[in-house]
Amino acid sequence: MCGRYYLRSDKQRIAEAFRVEIPPTFDILPSYNIAPQTMQPVVRLDHETGHRELVLMRWGLIPFWAKEAKISYSTINARVETLTTSAAFREAVKYRRCLIPADGFYEWQHLGPKTTQPYAVALRDGSMFAFAGLWENWNDTTTRERLETFTIITTEPNELIHPLRGPILHDRMPAILAPADYERWMAPADPARLPTDLLRPFDATRMSAWKVSAAVGNVRNDSPELCREAL
DNA sequence: CCAGACGTTGTT
DNA sequence: GTCTGG
DNA sequence: CCAGACGTTGTT
DNA sequence: GTCTGG
């Protein structure tokens, strides 16, 4: 986790849920199968004005010191345990914490060496939520090209993803924030006092998981059925 | 010292 | 940019 | 998963 | 066709 998620809400719903202004020209298409390396909406704080803004960024963080903006699947997630020490994330976690709007995500349960069963996971009440994320700004020194990228933080699994008894879906899960914590997650903070205490497994009783078909794994598939099956 | 890494999860 | 390993 | 590679020899 | 890297 988390290598695939979905966002079926339109920009009006996103604007309301995250109390953010969205320019009229800003288009977001609902997607039931969001893959790494694609452009996705991200909520961040403009430190100059103090206002929240919604911007499109590429999923897969490129560190500012990288020589080239080479696609890397290894930075689509950042482990909460290593946020402050890893070279790729330790600067971003100080100054560039963000929210990634989502309606659900997928987990592939390992049934055998070559068998998996994908599940969709979402909030019980169907409401939109936010992954805790980091973003980074990469500049090409020669072409002046700018590229903004983001990563989704992962944490320990909760009782739904990794039950004491019953089938285990996975050993990690994305960090999900309660709306009450959005402000504190994004607000400027003393680097010695980062709000990493918010990155705990989300309340399992408020979530549900259900089987979906293997078509979820194919990025060319993008229909509501992907996350609704067997609900 | 200099070169090389710097990261994580997924997959029938 | 900065740390680590050789 | 999907996209892309898949190989060897010679040579100042 | 089948393996590898992303």
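The analysis underlying the following values was restricted to heavy atoms, covering all of them including side chains, and did not include hydrogens, waters or symmetry mates. Labels below follow one simple rule: chain letters A, B, ... track the order of the sequence lines, proteins then strands, and each chain is numbered from 1.
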Original post:
NA contact type, A:Thr151, heavy-atom cut-off 4.0 Å: base, sugar-phosphate, or nothing?
Top reply: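 The residue A:Thr151 makes no contact with any strand.
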**OP:** Name the closest nucleotide to the A:Arg90 side chain, picking from B:dT8, C:dG1, B:dG7.
**Re:**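 Shortest atom-to-atom distance from the side chain points to C:dG1.
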**OP:** Would you indicate which nucleotide in B:dT8, E:dG6, C:dG1 comes nearest to any side-chain atom of A:Tyr73?
**Re:**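 The answer is E:dG6.
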Subject >> Hphob cluster co-occupancy, A:Ile62 + A:Met39, side-chain heavy atoms under 4.5 angstrom >> reply: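 No, A:Ile62 does not connect to A:Met39 through the hydrophobic network.
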**OP:** Decide if the gap between the ring center of A:Phe131 and the ring center of A:Tyr5 is smaller than 6.0 angstrom.
**Re:**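 Between A:Phe131 and A:Tyr5, the centre distance is under 6.0 Å.
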Could you tell me how far apart [X] ([atom1]) and [N] ([atom2]) are, to the nearest whole angstrom?
X        : N     : atom1 : atom2 : answer
A:Trp65  : B:dG4 : CH2   : C1'   : 11 Å
A:Phe131 : B:dT8 : CZ    : P     : 17 Å
A:Glu68  : B:dC6 : CD    : P     : 16 Å
A:Phe89  : B:dA5 : CZ    : C1'   : 14 Å
A:Glu136 : C:dG1 : CD    : C1'   : 11 Å
A:Tyr5   : B:dT8 : OH    : P     : 19 Å
A:Arg4   : B:dT8 : CZ    : P     : 20 Å
A:Phe64  : B:dC6 : CZ    : P     : 16 Å

Original post:
For B:dT8, does OP1 or OP2 lie under 4.0 Å from any side-chain N or O of A:Thr82?
Top reply: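 The answer is yes; a side-chain N or O of A:Thr82 sits under 4.0 Å from OP1 or OP2.
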Original post:
Does A:Ser86 place a side-chain N or O at less than 4.0 Å from the phosphate oxygens OP1/OP2 of B:dG7?
Top reply: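 Affirmative; the distance criterion is met.
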Original post:
Using the ring of each side chain (for Trp, its six-membered ring), is A:Tyr182 parallel, tilted or perpendicular to A:Phe18, with breaks at 30° and 60°?
Top reply: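 Aromatic pair A:Tyr182/A:Phe18 classed parallel.
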**OP:** Output the residues of residues 29-37 of chain A in contact with DNA chain C, where contact means a heavy atom of the residue under 4.0 Å from an atom of the strand; sort by number or write none.
**Re:**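 Close to the strand, none.
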**OP:** Only counting residues at least two apart or in another chain, list the ones meeting side chain to side chain donor-acceptor pair (under 3.5 Å) with A:Arg19.
**Re:**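 A:Arg19 satisfies side chain to side chain donor-acceptor pair (under 3.5 Å) with no residue once adjacent residues are dropped.
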Original post:
Dot-bracket, DNA chain D: Watson-Crick or G-U, under 3.5 angstrom, [ ] crossing, | other strand?
Top reply: ||||||......
**OP:** Write down the distance separating the P atoms in E:dG5 and D:dG7, rounded off to the nearest Å.
**Re:**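 That atom pair is separated by 12 Å.
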Original post:
Hey, is A:Glu156 close enough to A:Arg200 for a salt bridge, meaning N to O under 4.0 Å?
Top reply: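 Salt bridge present between A:Glu156 and A:Arg200.
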Subject >> Heavy-atom closest contact (A:Ala209 atom, A:Val121 atom, distance) >> reply: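 That would be CB-CG2, 4.0 Å.
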Original post:
Do you know the tightest heavy-atom contact between A:Phe150 and A:Val42?
Top reply: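 Closest heavy-atom pair between A:Phe150 and A:Val42: CD2-CG2, 3.7 Å.
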Original post:
Is there side-chain contact between A:Met186 and A:Val43, with heavy atoms separated by less than 4.5 Å?
Top reply: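 Yes, side chains in contact.
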Original post:
So A:Arg44 and A:Met57, side-chain contact (heavy atoms from CB on, under 4.5 Å) or not? Walk me through it.
Top reply: CA-CA 11 Å; A:Arg44 72 175 172 199; A:Met57 297 185 189; 3.5 Å; yes
